[in-house]
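Input: a single structure, listed below in structure tokens.
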Amino acid sequence: MAAPPTPRQGDLFSGSVDHAGMPVAPLLPLDATQLQQWQQRLLDYQHPCFEAVARGANLAAGQIDLFSAAVSGPAETVQRLNPLALAAQHLQFWRWPEPQSDGAALYFVLDRPPHLDGHLLLYVGETMQADRRWKGEHDCKTYLAAYGEALQQVGLGSQLSIRFWNDAPAATRPRRALEQALIRHWLPPFNKETRGRWATPFTAGLD
């Protein structure tokens, strides 16, 4: 008889099933030190990006690997678009009677953990309808719920917000090209393109 699976550290989702449909043993939650280390690594990478965009300055050559030829067009916008200059909204903004944003937009989900000296950019997205994109099922909402639960379990705070940039191109192709350029610039950990970069522990079992 095969030995039962050994619980592993680092996955917040219990009660999942493997590819054969067999139950997977609940996995151990992250502790406060692991969470803070994960956040600090992200902060160390993104903080120079926030500082540079706040000054209206480009990052030093070699400091970040941004663009292939396919997405070089949005470079200027990426260098000047400051997520922190956009109005912060609660993640439940879509429940409000009057939409705060509508139409084509890029959006940024950020956290300002009280125990850190800066913001964390967790997700970059694009939408044709800013007032509807966050309704219903959304992978990022699931990751954020797991992230918030993990922090709460170890007594760490968070200040999550979502911010919309409504000057995004109305045409889908250039808007998505700009979204990809921003993802490559900021490396937000909840975008599928960058989860491997951060070994994001809040997404396992959801792909």
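We number each residue from 1, following the sequence as shown.
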Any donor and acceptor pair, going by atom type alone, linking the side chain of [X] with main-chain N or O of [Y] inside 3.5 Å?
X: Gln46; Y: Leu121; value: yes
X: Asp111; Y: Gln159; value: yes
X: Gln34; Y: Asp31; value: yes
X: Asn191; Y: Val124; value: yes
X: Arg175; Y: Ala170; value: yes
X: Thr127; Y: Ala105; value: no
X: Arg112; Y: Leu160; value: no
X: Arg195; Y: Pro189; value: no

### Message
More than 12 heavy atoms of other residues, nucleotides or ligands under 6.0 Å from CG of Asp117: yes or no?
### Response
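Count not over threshold, so no.
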
### Task
Report, as yes or no, whether the 6.0 Å neighbourhood of atom CD on Glu193 holds more than 12 heavy atoms from other residues, nucleotides or ligands.
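Yes - once you tally the heavy atoms of other residues, nucleotides and ligands closer than 6.0 Å, there are more than 12.
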
### Message
Does the structure place the NZ or CZ of Arg197 under 6.0 Å from the centre of the six-membered ring of Tyr45, at an angle of no more than 45° from the ring's axis?
### Response
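Ring-cation test returns yes.
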
### Task
Give a yes-or-no answer on whether the side chains of Gln79 and His185 include a donor-acceptor pair shorter than 3.5 Å.
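No, His185 and Gln79 have no side-chain donor paired with an acceptor closer than 3.5 Å.
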
### Query
Is there a donor in the side chain of Gln153 and an acceptor in the side chain of Glu149, or the other way round, less than 3.5 Å apart?
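Note: Gln153 and Glu149 side chains meet the donor-acceptor criterion.
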
### Query
Which atom names give the shortest non-hydrogen contact between Leu156 and Gln36, and what distance separates them?
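The answer is CD1-CG, 3.7 Å.
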
### Message
Testing the basics here: between Pro113 and Leu120, what is the closest heavy-atom pair and its distance to 0.1 Å?
### Response
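Closest approach of Pro113 to Leu120, heavy atoms only: CG-CD1, 3.9 Å.
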
### Query
When the ring planes of Tyr107 and Phe164 are compared, do they come out parallel, tilted or perpendicular, using 30° and 60° as the limits?
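Tilted.
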
Are [X] and [Y] side-chain neighbours, meaning at least one heavy-atom pair lies under 4.5 Å?
X: Trp38; Y: Tyr147; result: yes
X: Leu144; Y: Phe190; result: yes
X: Leu122; Y: Leu42; result: yes

### Message
Determine whether Leu84 and Arg163 satisfy the following criterion, side chain to side chain contact (heavy atoms under 4.5 Å, CB included), listing intermediate values before the conclusion.
### Response
CA-CA 8 Å; Leu84 297 182; Arg163 303 166 190 237; 4.2 Å; yes

To the nearest 0.5 Å, what is the distance between [atom1] on [X] and [atom2] on [Y]?
X: Ser158; Y: Leu35; atom1: OG; atom2: CG; answer: 11.0 Å
X: Gln39; Y: Leu151; atom1: CD; atom2: CG; answer: 5.5 Å
X: Leu116; Y: Gln40; atom1: CG; atom2: CD; answer: 6.0 Å

### Query
Is the Tyr123 to Trp186 ring centre distance short of 6.0 Å?
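That pair fails the under 6.0 Å test.
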
### Query
side-chain contact (heavy atoms from CB on, under 4.5 Å) with Thr77: which of Leu182, Leu106, Leu178?
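Of all the options given, the one that passes is Leu178.
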
